[in-house]
Amino acid sequence: MVAVARRSVLIGGAVGAGLLAAGCTAGGPSSPAPTTPARPDPLLAELADERRLVAGYDATIARHPALRARLTAVRDDHAAHAAALVTALGPAAPPSPTTPAATDSPGVSPTGSPTGSPTGSPTGSPTASPTGSLTASPTGSPTGSPAGSPAESPSTGIESSGGRTRVPVTPAAAVAALRAAERAAASARGTAALTATPDRARLLAGISASEASHVAVLA
């Protein structure tokens, strides 16, 4: 009888310990479920490119005032594109960029030596390479790259360097740079329209068509 009672006590104690452990496990704090960061709105990249184009035209006009009459209407089209994208983005749209200085494109001077005399630019920080492809920065400084190294936009090939803008020395080269940027922008907007929602697709397709027409205007 004593052995039976002792066995009952041991069993009861083991069961109680198990219940206590289970209670601690069930009632303890749980680890938070991992969260996936939200992907940035695709229109942000399109807005950045449109602002680069506006900046490119501003710097070109500042460097070559004789081109103002030819370029102003096209520049204003890009400003309207950017405004439409800001409206589509709503509160997610970043503020307009500030204005850095502009310089000549190195290696484009008639003598073949680099040039670098700064000129004022109304908005943004556009640049242009000696090969004629327009480059620019909406903020005046490259993002995600070492100081002084170019940061390139994946859709238009526009880049920035050191907060300075560079424009080809000759008007013909400057226009060729803008023309190349328009081709790239039209292609980028058209590609983005393929995967956008219907309302955004209409907006992007319209912008793409406008930029394609700019290529002919600048021919």
Side-chain angles (χ1 to χ4, degrees), residues 29-59 74-100 121-129 133-166 177-215:
S30 59
S31 300
T35 58
T36 302
R39 297 181 63 183
D41 193 311
L43 283 191
L44 290 172
E46 311 308 322
L47 173 60
D49 283 344
E50 287 300 319
R51 286 175 169 173
R52 288 185 184 96
L53 286 163
V54 172
Y57 278 90
D58 285 339
V74 181
R75 182 263 181 208
D76 290 346
D77 280 351
H78 288 294
H81 299 164
L85 290 168
V86 167
T87 300
L89 280 163
S96 297
T98 55
T99 304
S121 171
T123 60
S125 79
T127 65
S129 68
S133 61
L134 178 69
T135 59
S137 165
T139 59
S141 61
T143 301
S145 61
S149 64
E152 184 172 321
S153 164
S155 57
T156 63
I158 292 176
E159 64 183 30
S160 63
S161 179
R164 292 268 180 186
T165 66
R166 293 172 303 197
L178 293 171
R179 199 162 52 241
E182 292 286 358
R183 288 194 191 96
S187 176
R189 260 20 113 236
T191 300
L194 297 177
T195 56
T197 57
D199 55 338
R200 289 185 169 194
R202 285 189 292 271
L203 172 62
L204 291 167
I207 294 175
S208 176
S210 174
E211 289 165 344
S213 72
H214 294 163
V215 177

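None of the values given here were measured: they were computed from a predicted structure. FYI, the numbering just counts along the sequence from 1.
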Below 3.5 Å, can you tabulate the donor-acceptor pairs from side chains in residues 194-207 to any protein atom, sequence neighbours excluded?
| unit_1 | atom_1 | unit_2 | atom_2 | d |
| --- | --- | --- | --- | --- |
| Thr197 | OG1 | Asp199 | OD1 | 2.7 |
| Arg200 | NH1 | Asp41 | OD1 | 2.7 |
| Arg200 | NH1 | Asp41 | OD2 | 3.4 |
| Arg200 | NH2 | Asp41 | OD2 | 2.9 |

For residues 179-188, the salt bridge (charged side-chain N to carboxylate O under 4.0 Å, His left out) pairs (sequence neighbours left out) are none
Would you say Ser213's side chain and Ser210's backbone share a donor-acceptor pair under 3.5 angstrom? yes
So do the side chains of Arg75 and Leu178 get within less than 4.5 Å of each other, counting heavy atoms only? no
Who passes side chain to side chain contact (heavy atoms under 4.5 Å, CB included) against Ala212, sequence neighbours left out? Ala186
Nearest heavy-atom approach of Glu46 to Ala192 is OE2-CB, 3.6 Å
Residues forming a ring pair (Phe, Tyr, Trp, His ring centres under 6.0 Å) with His78, sequence neighbours excluded: Tyr57, His81, His214
Looking only at heavy atoms, what is the nearest atom pair of Val54 and Ala79, with distance? CG2-N, 3.5 Å
Single hit among Asp49, Val74, Asp77, Leu53 for side chain to side chain contact (heavy atoms under 4.5 Å, CB included) with Glu211: Leu53
Taking only residues two or more places apart in sequence or in another chain, which ones pass salt bridge (charged side-chain N to carboxylate O under 4.0 Å, His left out) with Glu50? Arg189
Taking every heavy atom of Leu44 against every heavy atom of Ala92, the minimum-distance pair comes out as CD2-O, 3.6 Å
Atom pair CG (Leu89) and CG (Leu43), whose distance is rounded to the nearest 0.5 Å: 4.5 Å
